[in-house]
There are 2 protein chains.
Amino acid sequence: MNMANIEDVAKKAGVSVTTVSRTLNNHPYVSKKTKDKIYRAMEDLEYYPNNVAQQLRGKRKKMIGVIISYITNPFFAYLVDAIEKTALEYGYTLVVLQTRGNQKLEKLYVELIPKKQLDGLIITNLENATPQVINLIKEGKIVLCNRYIGNKDIPVISIDEEKASYEGTKYLIDSGHKNIAFCTGNVKNTHDYRFKGFLKALNESNIPFDNSLFFEYILGVDGGRSFIKKFIGLENPPTAVFSNGDEVAAGIISEARKYSVKIPDDLAILGFDDHPLASLTNPEITTIHQPITDIGEISTLTLLANLEGTSLPEPKELETSIIIRETT
Amino acid sequence: MNMANIEDVAKKAGVSVTTVSRTLNNHPYVSKKTKDKIYRAMEDLEYYPNNVAQQLRGKRKKMIGVIISYITNPFFAYLVDAIEKTALEYGYTLVVLQTRGNQKLEKLYVELIPKKQLDGLIITNLENATPQVINLIKEGKIVLCNRYIGNKDIPVISIDEEKASYEGTKYLIDSGHKNIAFCTGNVKNTHDYRFKGFLKALNESNIPFDNSLFFEYILGVDGGRSFIKKFIGLENPPTAVFSNGDEVAAGIISEARKYSVKIPDDLAILGFDDHPLASLTNPEITTIHQPITDIGEISTLTLLANLEGTSLPEPKELETSIIIRETT
DNA sequence: CTGAAAGCGCTTACAG
DNA sequence: CTGAAAGCGCTTACAG
């Protein structure tokens, strides 16, 4: 029960493989009668064209990839959702590639392009701008989105991170906070746009930043929980925290309840992203809304336009906004 | 700047393509000296083997897919995570295929196998057991997991849904509840194992089921919210609800607060899945724990074993347990 | 409107 | 240890 190929179909229909191929590709100049014969033969033989052979002859795979850190992070789940939806509309399927923080995988995933396993790639948080990556960006086969801390010349489809965090921090300051903690999932990095915006707002109000209020490696719900454990031991505790993520904020809220830390009276919290999660906690999370769907959609449209040589999507402002709920 | 192919490498290294191919495939019988020459040529030319051509010659693509409804549902995000992780360990990449409730897409995705776009497929909630699907299951190219309501003969890697929901319901009954609502994301279906288990527990305690307590189309957080809106108008309100999902439970909790419905005093809630979300709400969700990681891992190992003709993973009990928190 | 033949980039018997 | 040649399943000039 080997699978039928184009030759089997041609024989069964009594025509040449050329004609079968033409029918397959909706080429004109095939008579309706011949076409019908061929379609019948295909059905009888349960024929499916071998995409691999088609690709070797130059057809596009219609498969793109997206590199993320963790699919279990709702931010990425929603981003992947938007990308997949847009890709599907154009007949592309999506490969999800998780690095789980392992930078070596990034290189491996990028090589899927020259190996012809993938037409193109969206990278949501590029770590290493190797020459290979830069070339592929120039060729239009890689599009960067969400985050890239590095060379300003490389285009990244994202919100204005610095502005968003500046505005969020300013909102906390305007609410009367001076001692504000800053959390990040990575290490301290002066090129981090969110940290830059945070410092800018502080400077503007002549508030010095207390370095003991900088918290590294605060990632996800567990990161939020660990923050509270540190918080309760602090000599000079902050009155507010820039949590840098709604999952972190949710972890803070949950753990705060266990230690009877009152939110927002003892500690105000500003989230980031505006996940669905943000309105499910008690108190609900005040956060910075990101237009995730737009980011995913525009990234995909840009990549596909590059790949197919069609025109780029219209530029669209990726605006953020502060959603005031109950943690401030 | 066309990409180099195997012939270019052969010329550059002054050997035949056969020898280059052998080097590529770690074939023995290539002298170290020749190998070195070839590796140098590959580097100079930035050569990457064309996987498409390799596949046409019979190599495995090392690409599998998983069909889910929504990646934004955390249950699936965690399942996909486990599948991807296991696939990666065996050198496979994963394609995520979302149906978003559109059954037509399922057929399209299944056809990726005969079209040679995918080696195999994991289907998390098969809708239509077409002859094609059944054949592919027999050939070992499709593995079913999580859910399939239909022919009992088809193997599905999942928890014992009926038992889990029976035990959960029994727990509610033992806590003194008699008026228990049942939510489902679909329509009423007597073959639904969860509903069967629910009814079984009721029957055992001689509690008749009030049909007005059956709620269809209750899906996700919004489904939970809509449940509360119906709940407050009920003549004979339930004292507990089998929410059939932690997201639904979280929606119920959030909306209950707005209508001053006290949880669990006015309404006890039993979730399902045991998402991270379950311990982030206030009150935290009592729920039925599913071993998501095991389900994903075993499904993947089974598929890969079929594909590569190696031995199947050792059978492992997929046990559920009731995690008692604060909503009961 | 139809077909014979070359070729995409590899791998693999076969021969040495 | 090495190479010439056939072939995987298609598409596409070229010729009619």
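Reminder, nothing fancy here: chain letters follow the sequence lines and each chain counts from 1. Side chains are part of it too, since the values below use all heavy atoms of this structure and drop only hydrogens, waters and symmetry mates.
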(message) Taking B:Lys59 first and then B:Asp119, would you say they form a salt bridge - that is, a charged N and a carboxylate O separated by under 4.0 Å?
(response) no

(message) Does this structure show an ion pair linking B:Glu127 with B:Lys104, if we count only N-O contacts that are shorter than 4.0 Å?
(response) no

(request) Report yes if a side-chain nitrogen or oxygen of A:Thr19 is closer than 4.0 Å to either non-bridging phosphate oxygen (OP1 or OP2) of C:dG3; otherwise report no. (result) yes

(request) Whole angstrom is fine here: how far is it from NZ in A:Lys115 over to P in C:dC10? (result) 12 Å

(request) If D:dC1 has a Watson-Crick or G-U wobble mate with both distances under 3.5 Å, name it; if not, just say none. (result) C:dG16

(message) So, does B:Asn25 get its side chain near the phosphate of C:dT11, meaning an N or O under 4.0 Å from OP1 or OP2?
(response) yes

Every protein N/O within reach of nucleotides 13-16 of chain C N/O, cut-off under 3.5 Å:
none

(request) Grab the CG-P distance between B:Asn26 and C:dT12 for me, whole Å please. (result) 13 Å

(message) Measuring from the side chain of A:Thr34 (C-beta onward, heavy atoms only), which nucleotide among D:dC1, D:dA4, C:dT2 has the closest atom?
(response) C:dT2

(request) Taking only Lys NZ, Arg NE, NH1 and NH2, and the carboxylate oxygens of Asp or Glu, determine whether B:Lys12 and B:Asp8 approach each other closer than 4.0 Å. (result) no

(request) Ignoring backbone atoms, test whether A:Ser21 places a side-chain nitrogen or oxygen under 4.0 Å from the OP1 or OP2 oxygen of D:dT12. (result) no

(message) Taking the basic N atoms (NZ, or NE/NH1/NH2) and the acidic carboxylate oxygens, is any pair closer than 4.0 Å for B:Lys316 and B:Glu297?
(response) no

(request) Quickly work out the B:Lys116 NZ to D:dG9 P distance and round it to whole Å. (result) 9 Å

(message) Give the residues of residues 42-63 of chain B touching DNA chain D, defined as any heavy atom closer than 4.0 Å, sorted by residue number.
(response) B:Leu56, B:Arg57

(request) Measure the distance from CD1 on A:Ile6 to C1' on D:dG7 and round it to the nearest whole Å. (result) 16 Å

(request) Sort out for me which residue in A:Arg40, A:Lys33, A:Lys32 forms a salt bridge (charged side-chain N to carboxylate O under 4.0 Å, His left out) with A:Asp36. (result) A:Lys32

(request) Taking atom C1' in both C:dG16 and C:dT12, compute the distance separating them and give it to the nearest angstrom. (result) 16 Å

(request) Give a yes or no on whether the backbone of A:Cys145 and the side-chain of A:Ser158 come within a donor-acceptor separation of less than 3.5 Å. (result) no

(message) Does A:Glu89, at its CD atom, have more than 12 non-hydrogen atoms belonging to other residues, nucleotides or ligands within less than 6.0 Å?
(response) yes

(request) Round to a whole Å and report the spacing from NZ of A:Lys11 to P of C:dG3. (result) 15 Å

(message) With a 4.0 Å cut-off on N to O distance, would you call A:Asp81 and A:Lys85 a salt bridge?
(response) no

(message) Rounding to an integer number of Å, can you tell me how far B:Met3 CE sits from C:dC10 P?
(response) 9 Å

(request) Give a yes or no answer on whether the side chain of A:Asp294 reaches the backbone of A:Leu318 with a donor-acceptor pair at less than 3.5 Å. (result) no

